[in-house]
Amino acid sequence: MSGINDEPDSFQSDPPGCDRVGPTLGEQLLLDGADPAHLPDHPLLVAAAIGHCERVMDPALRLAWAQYAYRVAAERWEPDEPLRLRAMLLYGQALSQRGRVLDAYRIHRTRLTILEEVGDPDESVSGRRHLAGALHAISHCDEATTAIHHALTSWLAGDGPEDEGVHILADYAMILAGCGRTRAALQLLAAHPQLLPASEDRDTLALRIASKACTHPPICRRHPTGRPPQRGIRQLTASWQRLLHAAPVLSHLRSTESPGR
């Protein structure tokens with residue numbers, strides 16, 4: 001009976017520039033119940049490992065699968081290989097989720113450099129957004145604000161996927177709110193109403209903004225007090241929910257600047 005470290009015949013070939021978007025059935029069967037620490041270092045397992053990483057909820061398991069995918073991809077492929085870049089993104093996100101924010105920053109910084117070197121403006125916009133979040137997590141708040149502003153202006157100028165603007169706006173508002181710049185966050189949202197999420201998704205955005213406003217101040221270098229708001233996260237979330245659902249409240253803050261796109 002073959003073990004998990006045996007490489008089936010179907011795994012023996014490795015097409016150059018493999019950029020498949022998902023695993024084969026055989027790869028998925030191999031991965032079901034597998035431990036990434038004991039998987040063979042085979043490039044055809046990277047896509048399956050990425051899919052596994054995207055499905056598991058446990059942060060430690062997510063990190064283990066992302067680390068496996070990134071390590072094997074980095075050993076086998078050039079930096080601009082799509083699966084390697086995807087594994088790199090997931091690895092950075094998993095590191096951040098586990099509190100390894102400095103390691104996450106290094107991964108996102110390196111990934112953005114690669115994207116800019118290969119001249120991919122669309123992916124660079126997304127990469128800059130992820131870098132902004134990583135910068136904010138290590139208290140480089142001015143750099144984070146610059147990076148996310150660059151991402152937004154690039155997106156408004158036509159770069160980046162169509163749906164990326166919603167994510168950029170949300171992350172930008174979170175960064176501003178985390179640094180105690182509540183009015184600036186409100187003005188940003190009011191200036192770009194076309195990027196606000198659908199009504200049913202605004203409660204989630206309110207929770208994310210309130211969470212950042214409560215957790216970031218103690219490590220913030222530019223927060224006016226360095227202390228979380230006196231109101232708890234539930235009260236703050238409720239306040240943001242009312243603001244995000246009240247178009248007239250946002251409209252009076254709206255900038256005269258054209259939102260673009």
Side-chain angles (χ1 to χ4, degrees), residues 17-23 27-28 31 36 39 41-138 140 143-144 146-152 154-155 159-172 174-175 208 212:
C18 174
D19 59 355
R20 293 173 302 127
V21 296
E27 291 164 9
Q28 196 57 62
L31 284 167
L39 279 178
D41 290 355
H42 200 289
L44 290 185
L45 295 177
V46 172
I50 287 174
H52 223 60
C53 174
E54 291 174 331
R55 286 194 306 274
V56 296
M57 302 300 294
D58 180 79
L61 278 177
R62 286 195 73 230
L63 178 58
W65 283 106
Q67 187 173 31
Y68 169 83
Y70 173 61
R71 177 175 55 79
V72 176
E75 290 172 354
R76 300 298 182 108
W77 291 317
E78 294 297 317
D80 60 347
E81 162 61 36
L83 276 182
R84 176 171 171 173
L85 288 168
R86 180 63 182 163
M88 201 172 194
L89 173 60
L90 291 172
Y91 186 37
Q93 292 173 328
L95 285 167
S96 180
Q97 191 176 15
R98 292 290 287 168
R100 294 172 56 181
V101 292
L102 189 57
D103 290 334
Y105 157 73
R106 291 178 180 132
I107 290 291
H108 287 301
R109 170 70 75 183
T110 302
R111 183 173 181 273
L112 178 59
T113 298
I114 293 169
L115 291 169
E116 291 178 331
E117 286 178 350
V118 300
D120 189 334
D122 286 354
E123 286 298 322
S124 293
V125 169
S126 175
R128 193 166 288 108
R129 174 173 69 86
H130 290 295
L131 176 61
L135 285 163
H136 200 235
I138 60 173
H140 289 200
E143 291 179 64
T146 299
I148 197 70
H149 185 75
H150 189 178
L152 180 60
S154 296
W155 187 88
D159 293 334
E162 188 66 28
D163 61 352
E164 182 68 15
V166 174
H167 303 297
I168 295 172
L169 187 76
D171 286 4
Y172 201 162
M174 288 167 58
I175 287 171
R208 292 178 64 200
K212 186 65 71 174

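Heavy atoms only: backbone and side chains are in, while hydrogens, waters and symmetry mates are out.
The shortest non-hydrogen separation linking A151 to I168 is O-CD1, 3.7 Å. For the residue pair D122 and G160, the shortest heavy atom distance occurs at OD1-N, 2.8 Å. Counting all heavy atoms, side chain and backbone alike, W155 lies closest to G165 at NE1-N, 3.3 Å. Minimum heavy-atom separation, A49 to Y68: CB-CD2, 3.6 Å. The shortest non-hydrogen separation linking A144 to A132 is CB-O, 3.4 Å. The minimum heavy-atom distance between C53 and R62, with the atom names listed, is O-NE, 3.3 Å.
Taking CG of L131 as the reference point, atom NE2 of H150 lies at 11.5 Å (rounded to 0.5 Å). Once rounded to the nearest 0.5 Å, the distance linking CE of M174 with CG of L169 reads 11.5 Å. For the atom pair CD1 (I107) and OG (S96), the distance works out to 12.0 Å, reported to the nearest 0.5 Å. Rounded to the nearest 0.5 angstrom, H149 NE2 and R128 CZ are separated by 12.0 Å. Between the CG atom in L90 and the CG atom in L95 there is a gap of 11.0 Å [rounded to 0.5 Å]. Residue R129 holds its CZ atom at 4.0 Å from CD of E164, rounded to the nearest 0.5 Å.
Not counting sequence neighbours, the partners of D58 by the side-chain contact (heavy atoms from CB on, under 4.5 Å) test are A60, L61. Remark: Q67 engages Y91 in a side-chain contact (heavy atoms from CB on, under 4.5 Å) (not counting sequence neighbours). In this structure R100 satisfies the salt bridge (charged side-chain N to carboxylate O under 4.0 Å, His left out) test together with D103, sequence neighbours excluded. Legend: residues meeting salt bridge (charged side-chain N to carboxylate O under 4.0 Å, His left out) with R86, ordered by chain and number and at least two apart, are E54. Remark: E117 pairs with no residue by the salt bridge (charged side-chain N to carboxylate O under 4.0 Å, His left out) rule, at least two apart or across chains. Every residue two or more places apart in sequence or in another chain that forms a side-chain contact (heavy atoms from CB on, under 4.5 Å) with E78 is listed here: D80.
Between the side chains of H108 and R111, no donor-acceptor pair is found at a separation under 3.5 Å.
By the 4.5 Å heavy-atom criterion applied to side chains, Y105 and V101 are not counted as neighbours. A heavy-atom distance below 4.5 Å is not found between the side chains of I148 and L135. The side-chain heavy atoms of L85 and I114, taken from C-beta on, include a pair separated by under 4.5 Å.
With respect to D41 and R76, no salt bridge is recorded, no charged nitrogen being found less than 4.0 Å from a carboxylate O.
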Item to complete: Could you please spell out the steps behind the side-chain contact (heavy atoms from CB on, under 4.5 Å) verdict for R208 and D171?
Response: CA-CA 9 Å; R208 292 178 64 200; D171 286 4; 3.0 Å; yes
Give the C-alpha distance, both sets of side-chain angles, the deciding distance and a yes or no for side-chain contact (heavy atoms from CB on, under 4.5 Å) between M88 and T110.
-> CA-CA 9 Å; M88 201 172 194; T110 302; 3.5 Å; yes
